[in-house]
There are 2 protein chains.
Amino acid sequence: MKRITIKDIAREMGLHHSTVSRALRSRSEINQATREKVLKYAALKGYQVNRNALQLRGSGSNIIGVIVPNIHHSFFSNFVSIITRLAFEAGYIVAVFQSEESVEQEKEILKSIIQQNIAGVIASISMETTDTSHFQQLDHYKIPMVGFDRISSSLKTSTVELDNLSTLRNVVTTLHSRGYTKIAYLSGNPSIHLYQERQKGYFGGLKAIGTSYQKCLQLTDKFTIEQGYHATEKLMEAPEKPDALIFDSHILACGGLQYLKKQGDRLLENTGIATFGGHPWLSISAANILFIQQPEDQIAKATFDLLMENIVHPTQVKTTALKFQATLI
Amino acid sequence: MKRITIKDIAREMGLHHSTVSRALRSRSEINQATREKVLKYAALKGYQVNRNALQLRGSGSNIIGVIVPNIHHSFFSNFVSIITRLAFEAGYIVAVFQSEESVEQEKEILKSIIQQNIAGVIASISMETTDTSHFQQLDHYKIPMVGFDRISSSLKTSTVELDNLSTLRNVVTTLHSRGYTKIAYLSGNPSIHLYQERQKGYFGGLKAIGTSYQKCLQLTDKFTIEQGYHATEKLMEAPEKPDALIFDSHILACGGLQYLKKQGDRLLENTGIATFGGHPWLSISAANILFIQQPEDQIAKATFDLLMENIVHPTQVKTTALKFQATLI
DNA sequence: CAACTTTATGCACACGTGTGCAAAAAATGT
DNA sequence: ACATTTTTTGCACACGTGTGCATAAAGTTG
């Protein structure tokens, strides 16, 4: 059976398709009696509008593109989940794209986004991305974009992120107040703004507590459990080993804790741990963990609202930059 | 700046748009010289095809819809991640929909899917869904669908799932071989085929090891950590308490382990634990856990391949039902 | 009841693309 | 050089929808 169209209804009811269109859309300009008849008949036949025709004609698209490195990461999956819910409530659907930390993939994604006539984009850029010029195609097609989490100063879009600097600063001082003095940090690639800020915060925190010990490992590849394991191993076997570890991701933390557990000797219990994400899974571990909790709901909501603002009012391109505070628990 | 179209190129090159179209698509029927000229000019101008026009005209859609209860669950996020990757490689993009375990939401999603002219659907139905008739609209619009994980026998689509019966059976016998005799099971709503099968497997396993002890708690709501906590509490405070627990989800397991850890008295170490998912997060815990690992890659790949088969050859509607074996580690 | 105003419907077009068909151009054969 | 075949291009239409404009119908006023 073929799809039922506005023209089918028109023919079967002895009307013109424009009349049917008006009956379904406008509420003036149309006889109330025929309107109701059409609505009834359309409902009966299970008519559903063809969005492709709508979009082709010029009504905006209702697809929002979300670009994340990979959706199989609880921070991003949670984020996408919330965005998807908000979008659906607002009458939009969400197309997910995974850059897999590759610029080439990112370029392909943008091509696809343009071909699909996507209404707006929410993106967290890949680790590999230093040149962000491919995102600027969006400008040309007037597709609004909001960056979140992994943002770049070279892109002058609205952005939403954690206040990474002050967060790391607080983590260090909090660990210090719990009695730890040799605080090491497993971080990411400083070419990414986010990690750069966090590292600044880390060093700022160390300065604030007045310690000379510092150990910041910069992992430039994609985070894996193995990486966390080996990086922790490396840190703990160094001449002056730390008594507390800060992980930039629960994935790294997982590897790190595996190492500590394996070493035995109450190393797991006696080492201070702080990590982004991972709560509540890690809370079962014997370790005493300081969780750095991002307000993911707020971040997602703010990101979505900013994008909507840009979609609905495409004229004023005020680029807002929002920062949220993390909670340490 | 407006979007550049095939007509723009035609006008600017003094050709007819149909010629440009042929230059971009077909490789016969066109002078190679003009073809190259057009390709070059199109590349220069950054021409991107308008998929809405394509779809309207009748070329199939390139959007695949994936319906899951919620994407913020590692099993589903991993699944969607793999599907998204496979789809993108095949030239498709993925739209994600979350039923949130609600039939009403599911109905809205199907409406949206039909309006969008989606090429095919991959779905895991919601817990609330007993009547699956809303999925049958898809038949009417000739939109192929493949069910996975949460499937229903009333839907005669192709399906991909774990061999749940034999898996649970194996879990029970494995726990028994490790010395546990009083094996309890925290399961889901038996109105869902998946959980029904697992429960059959559980009882089958008990029978095989020849024990009379049986304790199967059926949780009908959405799984939460709190639920896992309280259900475990309830089980462990029962007159004849179990010495091993099987969890149907790592979310329940997390709550359960939290309870066991809190009780102290080496309860965590001495209780046998088996759970779906959650590896490797839970592996840091002191508990000795038997992980029930689904071959998610294979499941996703098989699901995607089946859908593709149905999209490419819409005529033969052979409904395949695939089952995969879990690994216990 | 005629003249005018309001309301309701039909007509035609546009959006961007691909394709069957016809016409034009080029190539081939005699 | 002309007839025939092949290649290349142009034309027109379709896909489903909404809207400006014209026309028809209905309602209002004097």
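Note on naming: letters A, B, ... go to the chains in the order of the sequence lines (proteins, then strands), and numbering restarts at 1 for each one.
- R25(A) meets the salt bridge (Lys or Arg N to Asp or Glu O under 4.0 Å) test with no other residue; sequence neighbours excluded.
- Side-chain atoms of E296(B) never come within 3.5 Å of backbone atoms of F79(B) as a donor-acceptor pair (strictly under, hydrogens ignored).
- Looking only at distances, a side-chain donor or acceptor of D8(A) sits under 3.5 Å from a matching main-chain atom of T5(A).
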Requested in this report: Decide yes or no on side-chain contact (heavy atoms from CB on, under 4.5 Å) for S99(A) and V68(A), but give the supporting numbers first.
Outcome: CA-CA 6 Å; S99(A) 69; V68(A) 290; over 6 Å; no
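- Using a 4.0 Å heavy-atom cutoff across all strands shown, R22(B) reaches at least one base atom of the nucleic acid.
- Judged by closest nucleotide on DNA chain D, T19(B) is the one of G58(B) and T19(B) placed further toward the 5' end.
- Within 4.0 Å of L56(B), counting heavy atoms only, lies at least one base atom of the nucleic acid.
- Looking only at distances, a side-chain donor or acceptor of S124(A) sits under 3.5 Å from a matching main-chain atom of F148(A).
- DNA chain D is contacted by T5(A), I6(A), K7(A) of residues 5-14 of chain A, taking any non-hydrogen atom closer than 4.0 Å.
- The main-chain N or O of E108(A) is never found under 3.5 Å from a side-chain atom of S112(A) such that the two would form a donor-acceptor pair.
- Residue T34(A) is in sugar-phosphate contact alone, with no base atom involved, counting any heavy-atom pair closer than 4.0 Å across all strands shown.
- Counting only residues at least two apart or on different chains, no salt bridge (Lys or Arg N to Asp or Glu O under 4.0 Å) pair has a member in residues 48-73 of chain B.
- Checking side-chain atoms of S158(A) against main-chain N and O of V146(A) turns up no donor-acceptor pair under 3.5 Å.
- We find that NE2 of H16(B) is positioned 15 Å from P of dA24(C), with the value rounded to whole Å.
- Put simply, chain B comes within 4.0 Å of DNA chain D, heavy atom to any atom, from dT8(D) to dG16(D), going 5' to 3'.
- Heavy-atom neighbours of K323(A) NZ from other residues, nucleotides or ligands within 6.0 Å: above the threshold of 12.
- Nearer to the 5' terminus of DNA chain C, by closest-nucleotide assignment, is the contact made by L15(A) (compared with the other of L15(A) and S18(B)).
- Side-chain atoms of R35(A) never come within 3.5 Å of backbone atoms of I30(A) as a donor-acceptor pair (strictly under, hydrogens ignored).
- Looking at E106(B), its side chain does come within 3.5 Å of a backbone N or O of S126(B) through a donor-acceptor pair.
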Report task. Give the intermediate values and the outcome of side-chain hydrogen bond (donor to acceptor under 3.5 Å, both in side chains) for residues Q105(A) and E100(A). Result -> CA-CA 7 Å; Q105(A) 179 80 355; E100(A) 315 269 9; 5.3 Å; no
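- The main-chain N or O of I113(A) is never found under 3.5 Å from a side-chain atom of Q116(A) such that the two would form a donor-acceptor pair.
- Each end of the helix from dC1(C)-dG30(D) to dT30(C)-dA1(D) yields a helix axis from five base pairs, and these two axes differ in direction by 50° (to the nearest 10 degrees).
- Residues from residues 41-52 of chain A that place a heavy atom under 4.0 Å from any atom of DNA chain D, listed by number: Y47(A), V49(A), N50(A).
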